[in-house]
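First up is the structure itself, then whatever we jot down about it.
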Amino acid sequence: MATPTWNLYAFCYGRHENRMMSDTFVGGNPNELCRGLDYFMWAIVGNDRVIVVDSGMKKDKLESMNRTWLADPIDLLGKVGIDAAHVDEVILTHAHFDHVGNLGRFPKAKFTIQDLEMQSITGRDMTHPFFRTAYHQEDVEELVGLLYDNRLKFIHGDGRYAPGIDYHLIGGHSRGQMGLTVNTDRGPVFLASDAIHLFQEVDEERPFIVFYDMVDMLEGYRTCARLAGERAFLVPGHDPIVTDIYPAVRPDLAGLVLDLGKEPKAG
Ligand SMILES: [Zn+2]
């Protein structure tokens, strides 16, 4: 039987412009601007299922960090007919604050996360203030609440989430950082989430400034590139180039709701 295909959407909800290279890459020039970061969540839709990937961030939190709010990511889900109140499945690629910010807006969902990520954010790792900076305590407390409500599901390592959707433990950026391969009409797309923030990390093997384990992160870049096969099938978690090259689901949603199942422009 042929592997099922899925629709794969990206929702761009925030932007960080005027970001210095030194705030982006290890060893980056403190006097040079980089292009910046876009903030995404994603959804995998088809085969009578809706699977949301990560839950974005809240407006006040994003703006308090001097990022630009583009749209409410939960509202953007509605643009492709997804009502968060009725979503049953959410995959959390990792628990950094820009990926788990709206857990309470999915009141029916069960959430899936890697064992190692949950261990990391509730154990000894968090005694190190450096590792804590990318997490928000209230998000972690909410995740623990979901656990005790039987709404948190654990996976470990690599495996099959559903026919046509595979998960991969990449690590590096966070201890339990996960990427997903999603079979689409144009072939399997590798959604790196924050295993890769920017294409530049892979192209230049240049380490991003936030990491759990530098070697795992750098090896992870290679793993992601290998899993994607070619660049047109590799989707980093924060690259504004993604927003540039993928078509919107509708013209009025340009730059906000992207169809990753369609061919990107050469970027
Ligand atoms: Zn992120």
Side-chain angles (χ1 to χ4, degrees), residues 8-17 19 23-26 28 34-43 52-59 61-74 76 90-103 111-114 116-118 120-121 125 130-140 142-143 167-180 190-202 206-214 216-217 220-221 224 234-243 256 258 260:
L8 178 59
Y9 304 112
F11 307 90
C12 184
Y13 67 89
R15 181 156 290 156
H16 188 197
E17 294 170 307
R19 185 178 172 114
D23 295 327
T24 306
F25 295 109
V26 174
C34 73
R35 167 105 192 260
L37 300 180
D38 277 359
Y39 289 75
F40 297 100
M41 62 184 277
W42 304 273
V52 172
V53 180
D54 294 345
S55 64
M57 202 171 170
K58 294 190 182 83
K59 184 172 193 273
K61 286 274 177 60
L62 187 98
E63 289 181 337
S64 72
M65 303 175 78
N66 293 319
R67 272 68 162 165
T68 305
W69 182 255
L70 299 178
D72 185 329
I74 306 302
L76 291 179
V90 179
I91 298 174
L92 300 174
T93 63
H94 64 309
H96 283 173
F97 55 74
D98 51 321
H99 297 260
V100 294
N102 294 297
L103 300 173
F111 296 82
T112 299
I113 194 167
Q114 286 275 346
L116 286 178
E117 187 69 2
M118 202 61 191
S120 178
I121 63 177
D125 287 353
F130 174 77
F131 290 133
R132 259 189 241 149
T133 54
Y135 299 95
H136 287 164
Q137 183 178 340
E138 55 269 40
D139 297 332
V140 176
E142 240 179 306
L143 283 166
Y167 56 84
H168 311 270
L169 175 64
I170 307 294
H173 174 60
S174 73
R175 195 195 269 257
Q177 175 71 55
M178 169 163 52
L180 299 169
F190 183 70
L191 179 60
S193 178
D194 290 6
I196 303 171
H197 292 69
L198 303 164
F199 282 114
Q200 210 173 343
E201 290 159 46
V202 179
R206 188 163 196 186
F208 191 74
I209 193 80
V210 180
F211 56 89
Y212 176 81
D213 182 297
M214 171 73 87
D216 279 357
M217 182 171 70
Y221 293 165
C224 292
L234 177 62
V235 180
H238 284 275
D239 202 323
I241 292 172
V242 169
T243 315
L256 293 172
L258 313 172
L260 303 181

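When a ligand or atom number is given, it counts from 1 through the structure's own listing order. Values below: all heavy atoms of this structure, side chains included; hydrogens, waters and symmetry mates excluded.
For the pair D38 (side chain) and D239 (backbone), a donor-acceptor distance under 3.5 Å is absent. No side-chain donor-acceptor contact under 3.5 Å links H238 to the backbone of L198. No donor-acceptor distance shorter than 3.5 angstrom exists from the side chain of S120 to the backbone of E117, with no hydrogens or angles considered.
Screening D125, D213, D216 for a salt bridge (charged side-chain N to carboxylate O under 4.0 Å, His left out) with R175, the sole residue that qualifies is D125.
Around the Zn ion (ligand 1), the protein contributes the following N, O or S atoms at distances under 2.8 Å: D98 OD2, H99 NE2, D194 OD2, H238 NE2.
Counting non-hydrogen atoms of other residues, nucleotides and ligands closer than 6.0 Å to CD of Q137 gives a total of 12 or fewer.
Side-chain N/O atoms of D194 and H94 include a donor and acceptor closer than 3.5 Å.
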